[in-house]
Amino acid sequence: MRGFMPMRRAAVVAIAGALVAWHAPAQAQNNKTVLIPCVCELSGAGAVSGTNYRDGAHIAVNEINAAGGILGHKIVMHDYDTQTNPMVSRALVQKVVDAGAYVVMGTVYSGSTDVNMLVTEHAGVPQITGSEAPDITQKGDPYIFRTSSGSEKDIPALVDYFTQTLKVKKVAVEWVQNDFGKGGHDLFVQAIRKAGVQVVADVPSEQGQVDFSPDVAKIKQSGAQAVFVYVNEEEAARFLKEAKKQALTVPLVGDVTLTDQKVIELAGPAAEGAIAHVGLTVSAPVPSIQEFVAKFRKIYHHNTDHNGIKGYIGVYAIKYVTEMIGTFDRKAFAAKMHGLTLDAKKYPGMLLTTSWDKTGELSRESFMTQVKGGKAVVIATIPAN
Amino acid sequence: MAQFLQVLLSGLATGSIYALAAVGFSLVWQAAQAVNFAQGEFVMLPAFLVLIGEHWLHWPLWAALLFGFALSILLLGLAFKRLIVQPFGPDGGLPLVIATMALSILLKEAVKTFYGAEAEPFPSLLPNGTFHVGGAVVSVRDVLNLLAALAVVLLLTLFLDRTKTGRQMQAAAQNPGVAEILGVDVARMTLYAFLLNAALAAVASFLITPVYLAKFSNGESLGIVAFIAAIIGGFNRIRGALVGGLLIGVLDNLTATYVTLSYRAALPLVLLIAVILWRPQGLLGDEEARIV
Amino acid sequence: MRGHREAIGVAVVVAALIVAPLGQGNYIAYLLCSWLMLAIAAMGLNLTLGYAGRISLAQASFIGIGAYATSIVTLAHYPWVLGMAVGVVLCFVVGLLLGFPALRVRGHYLAFVTLAFNSLFFLVARNEDWLTGGTYGLSGMPRPRIGPVSTSGQLAFYYFTLAVALLAAVVLRLIVRSPWGRAFKALRENEVRAESLGLDVRRLTLLAFAIGSAYGGLAGAIEAPLVQYIDPGSFDVVQSLSLLLMVVVGGLGEFWGPVLGSAVAVLLPEALRVTAAYYLMLYAIAVILLMTRCPGGLIGLARRIAARPARRRGAAVS
C-alpha cells in the first residue's frame with residue numbers, strides 16, 4: 001500500500017476544505033435584507049428558459065431594490081444552476097432553504113420542480129415556479145405558485161379553436177417525447193376526442209430529432225385537417241421547415257412554442273401562418289408587456305421569451321403579497337396568495353391582471369397568435385378562466 | 001409509394017450528413033488508434049466559428065467561411081493532435097478516450113458560454129428550391145448534400161489509393177514501424193489524417209447546420225450516430241462509413257414510418273450491437289486491412 | 001505495518017464522515033449522500049474496468065435498474081430491503097448477460113455495445129409507462145425504516161447511506177483481496193497468461209461484469225429514496241460517461257480511486273462556485289491535463305508526489 005497516505009490526506013483536505021467553503025457564505029444576511037434565491041436551469045437542456053427566467057427576475061430585483069426594497073429590506077438574489085438535473089435541483093433548493101430563503105424562485109423544468117417542491121413544502125417555504133406541467137398544482141402542496149398557467153388551462157382554449165374556429169373533424173398530433181410534450185399530448189388527445197374529433201395520426205418524435213420527413217409524410221398520409229404541434233423550439237423550427245418542403249397545407253396549431261420569436265427566427269419563411277395559443281407572450285398587444293420586452297433587450301442585448309416575463313412578475317408578486325401581509329411570514333404569505341387577484345392597474349409589476357386559486361394555479365387572459373410577416377400577431381384574446 | 005419514396009430520399013440526405021462525420025472519425029481511428037468522443041463537437045464547432053466571423057467581426061459570408069475553415073483545421077486538426085493526442089504516445093488507450101470526452105465537454109461549454117445557449121440560424125450555402133419525383137418532394141439541398149458526401153468519399157478514396165502521399169498514409173497507419181524503415185515520415189502522415197478529419201468535419205458542419213441549426217449541444221447525438229455509422233459500415237473502409245451513414249439515415253426513417261415511432265431511435269442501436277457481435281469488421285470491412 | 005497504517009487512516013476517515021454533517025443543515029447531508037451513492041456505483045465500475053480491464057459505458061443503466069426496482073417495490077409498500085435485493089439481483093443477472101459480448105469483443109467495440117445498451121435502457125424506461133411511469137418518472141418513494149427507526153430525516157438517511165456504503169466497500173475489499181480479485185487483475189494484465197495459469201477467463205469476465213453491475217444496482221437502491229424522484233433522464237448515457245470520468249480521474253484500478261473521483265465530481269461544482277459558468281470548462285481542462293500528465297489519475301498523481309518527498313521538502317525549506 002505504498003503511497004496510500006498522501007491520497008488519504010488529499011481526501012481529508014478536500015472534504016475539510018469543502019466544508020469550510022460551505023460554512024462561510026451561509027449566514028451573511030442582516031435584518032436589512034431578505035434572501036430570495038433563484039434556482040433554475042442555467043445549463044443543460046433547459047438553459048434558454050432558465051436563463052431568461054433568471055434575467056427577468058433580476059430586472060425586478062434591481063427595480064425593487066432601487067425603490068427601497070420590500071418593507072425596507074433589500075432583496076438579495078443569488079443564482080443557482082440546476083444543470084437541468086432534478087437531483088441537483090433538489091440539492092440546491094435544500095441548500096437555499098437551509099440558508100434561510102424567504103421565498104424560492106424557480107425551477108422552470110417540470111421534472112425538476114416535481115422533485116424540489118417536496119423540499120419547500122416540507123420546510124414551509126413558498127416557491128414561485130416557472131413550470132407549466134399539470135401535476136405541479138395537483139399535489140396539494142400549499143407552498144407552490146405558478147407564474148404562468150399550467151398546460152391543462154391552455155387545452156380548453158386549443159380544443160375550442162380546433163372545433164369552433166377551424167371546425168375540423170380529423171386532427172394529427174406531433175409531439176416530443178419528454179415531460180413537456182407528453183403532458184400536452186395526453187391532455188390534448190383526451191380533450192379533443194371528447195369533443196368528437198378524431199385523432200388520425202399520433203406522431204411522437206425524439207428530442208433533438210433532425211429529420212422530420214417521416215413525421216410530416218405520415219401526417220400528410222393520414223388526411224388530417226389540422227395538426228397540433230407540441231414540440232420544443234428547435235424541433236418546432238425543423239418541423240415547420242419540413243412541413244413547408246412537403247407542402248403540408250393544413251393549419252399547424254401549437255401551444256406557446258410554435259409562434260415563439262426564436263422559432264420564427266430559426267424557421268424563417270417556413271414559420272409563416274403557424275398558429276399558437278400563448279398564455280403569456282412577448283408579442284402581446286399590451287403596452288406593459290412591450291415596455292418590459294424593450295427593457296429586457298436594453299439590459300441584456302438579446303430578446304427574451306415568455307420565461308423572462310415569468311421571472312419578472314414572480315419577484316413582483318413576492319413584493320406585493322409581502323407588503324399586503326406587512327411582514328416576512330412564509331405561512332401568511334402562502335395563505336394570502338391563495339385566491340388572490342393582483343390587478344395590473346394597481347400592481348403594475350404584474351404586467352397583466354393575475355389570479356391564483358387554492359392550489360397555486362394561475363389564471364390570466366391569454367392569446368391566440370399567428371405568424372404573419374415574420375412576426376407573431378394576436379388573432380384572438382381569450383379571457384381568464 | 002410516394003410516402004416510401006419521400007422518407008427514403010430524405011433518409012439518404014440525412015444519412016449523407018452522418019456519413020461525412022463518420023468518415024473523418026474512421027480516419028483518426030485508423031491513423032492514431034484514437035476514438036474521438038468529441039467528434040460530434042468537431043462538427044458543431046466550425047459553424048460557430050463562421051457565425052463569429054459573420055456577427056462579431058462583421059465579415060462577408062465567404063470570408064467568414066474561410067475563417068471558420070482555416071481555424072477549424074488549426075484547432076481541430078493541428079492543436080487537437082499536438083496538445084491532446086500526441087502526449088499519449090502511440091497507444092493512448094483509455095486515458096486518451098477520457099481526454100477526448102473532457103474535450104467534448106470543454107467545446108460544448110465554451111460555445112455555450114462565449115456564444116450562447118440558444119440555437120442560431122445558419123446561412124444556407126445551397127439553393128433552396130424543391131422538385132417532385134414520383135409524388136415525393138425533394139429539396140435541391142438534400143440532393144446536393146448527398147452528392148457532396150459521395151464526392152468526398154470518392155476523392156478521398158482516390159487520394160489514398162492513387163497518390164504517393166495517400167499510399168504513404170496507408171502504410172503509416174497499417175504498420176508504422178515498417179513504414180518508418182521504408183522512409184515514410186509517419187508523424188507527418190498521421191498529422192495529415194488529423195488535418196483531413198478537421199477539414200471533413202468543417203465541410204460537414206457547413207452543410208448540415210442550415211438544417212440542424214447551430215446549437216452547442218448538436219454534437220451529442222451526431223457524435224454517437226457517427227460512431228454507429230462508422231462501425232456498422234466498417235472502420236477499415238472509407239466507403240464503409242458512407243454506407244453506414246446512409247443506412248442509418250434510411251432505416252431511421254423507414255422504422256419511424258412503418259414500424260414504430262416511440263422506439264424509432266432504437267433500431268440503429270440494435271443494429272450496432274448485432275454488427276459488433278456478428279461482424280465486428282463491419283458490413284463492408286475486411287478482417288485485417290485498414291483504410292489509412 | 002502498512003496495513004496497520006491504512007486501518008488507522010480508514011478509521012480517521014470514517015470518524016470524519018460520521019461527524020461531517022453534524023450541525024451542517026440538510027444540504028450538506030444530502031450532498032454527502034449523493035457522493036456516497038455515486039461512489040458505490042463507481043466502485044462497481046472500477047471492479048469491471050479497473051481490475052478486470054473490461055470497459056462498460058452502461059453503469060448508469062444499472063443504477064437505473066436498481067432505482068426502478070427499489071421504487072416499484074417500495075411504492076407498493078414492501079420494505080426497502082426487498083426492493084434493494086430485487087434490484088441488485090436483477091442487475092447481477094443483466095450484468096452477466098451484458099458480459100457475454102465482452103467475451104467476443106474488447107476495448108472500443110465493447111464500449112459501444114455497452115453504450116448502445118444504456119441508450120436502449122433509456123428508451124425502454126421512457127416508453128413503458130405502465131412499469132416506469134414513462135417520461136414523468138416515479139416519485140414519492142418512502143425512505144426505509146430499520147426496525148422502529150425511520151430514516152426520513154436527512155441526517156438519519158445519511159447515516160443509513162454511510163452504513164450501506166461502508167458495507168459495500170468492505171465486501172469489495174474482500175473480493176479484491178480474494179483469489180478472484182487477483183485473477184481479475186491477471187485478466188487485465190495478460191489474458192493469455194491468465195488462461196495458461198488455469199484461470200477460467202470466461203467465467204471471470206462474466207463475474208466482473210455481474211458484480212460491477214450489482215454495485216450499480218445498489219447505488220440505484222440508495223438514489224430512489226434519496227431523491228424520491230427518478231426519471232429516465234437520470235440514467236442516460238451522459239451519466240455513464242461521467243461515472244467513467246470519476247473512476248479514471250480518481251485512479252483506475254485503485255481501491256480508493258472511485259471514492260475520490262466521485263468526491264471531486266460532486267464537490268467541485270461547490271468549490272468552484274465563484275467561477276460560475278466556467279466551472280465545467282475548468283473541470284474539463286483539468287481532466288485533460290491530468291490525463292496527459294498522469295494517466296494514473298489523482299491517486300497516481302499523489303503517489304508520484306509521495307515518491308519524491310525529500311526534494312519537495314528541500315524546496316520548501318530553501
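Throughout, protein chains are lettered first and strands after them, A, B, ... in sequence-line order, and every chain is numbered starting at 1.
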- Side-chain heavy-atom pair C/Tyr283, B/Leu106 within 4.5 angstrom cut-off: no

- Any idea which of C/Val124, C/Asn127, C/Ile285, C/Thr292 has the most non-hydrogen atom pairs under 4.5 angstrom with chain B? C/Asn127

- Query: How far does CG of B/Leu94 sit from CG of C/Leu252, to the nearest 0.5 angstrom?
  - Reply: 6.0 Å

- Smallest separation among heavy atoms of B/Ile105 and C/Leu245, with atom names: CD1-CD2, 4.2 Å

- Query: Considering only heavy atoms, which portion of C/Leu49 lies under 4.5 Å from any heavy atom of chain B: side chain, backbone, both, or neither?
  - Reply: side chain

- Message: Nearest 0.5 angstrom please: C/Leu244 CG to B/Met101 CE, how far?
- Response: 5.0 Å

- How are the rings of B/Phe37 and C/Phe112 set relative to one another: parallel (under 30°), tilted (30 to 60°) or perpendicular (over 60°)? parallel

- Message: For C/Val238, which atoms come within 4.5 Å of any heavy atom of chain B: side chain, backbone, both, or neither?
- Response: neither

- Task: Heavy-atom pairs under 4.5 Å with chain C are the metric here; pick the option from B/Leu277, B/Val275, B/Ile84 that has the most.
- Result: B/Leu277

- Query: Which pair of heavy atoms, one from C/Met281 and one from B/Phe114, lies closest together, and at what distance?
  - Reply: SD-CE1, 3.9 Å

- Message: Between B/Ile224 and chain C, with a heavy-atom cut-off of 4.5 Å, which part of the residue counts as in contact: side chain, backbone, both or neither?
- Response: side chain

- Query: If you round to the nearest 0.5 Å, how far is OG of C/Ser119 from CD1 of B/Ile228?
  - Reply: 7.0 Å

- Task: Count the heavy-atom pairs under 4.5 Å between each of B/Thr100, B/Val97, B/Ile231, B/Val270 and chain C, then report the option with the highest count.
- Result: B/Ile231

- Value for CG (B/Leu103) from CD1 (C/Ile288), rounded to nearest 0.5 Å, stands at 5.0 Å

- Task: Would you check if the side chain of C/Arg126 reaches a backbone N or O of B/Ser262 as a donor-acceptor pair within less than 3.5 Å?
- Result: yes

- Drop me the distance from B/Ile98's CD1 to C/Met246's CE, to the nearest 0.5 angstrom. 11.5 Å

- When the 4.5 angstrom heavy-atom criterion is applied to C/Ile55 and chain B, the contacting part is side chain

- Message: Within the 4.5 Å heavy-atom criterion, are C/Leu280 and B/Thr113 side-chain neighbours or not?
- Response: no

- Identify the two heavy atoms, one from C/Pro295 and one from B/Pro95, that lie closest to each other, and give their separation to 0.1 Å. CB-CG, 3.6 Å

- Message: Which atoms of C/Val113 are under 4.5 Å from chain B, going by heavy atoms: the side chain, the backbone, both sets, or neither?
- Response: both

- Query: Which answer fits B/Leu107, side chain, backbone, both or neither, if we ask what part of it has an atom under 4.5 Å from a heavy atom of chain C?
  - Reply: neither

- Query: About how many Å separate OH of B/Tyr263 and CG of C/Leu123, when rounded to the nearest 0.5 Å?
  - Reply: 7.0 Å

- Query: Are side-chain heavy atoms of B/Phe227 and C/His108 found at a separation under 4.5 Å?
  - Reply: no

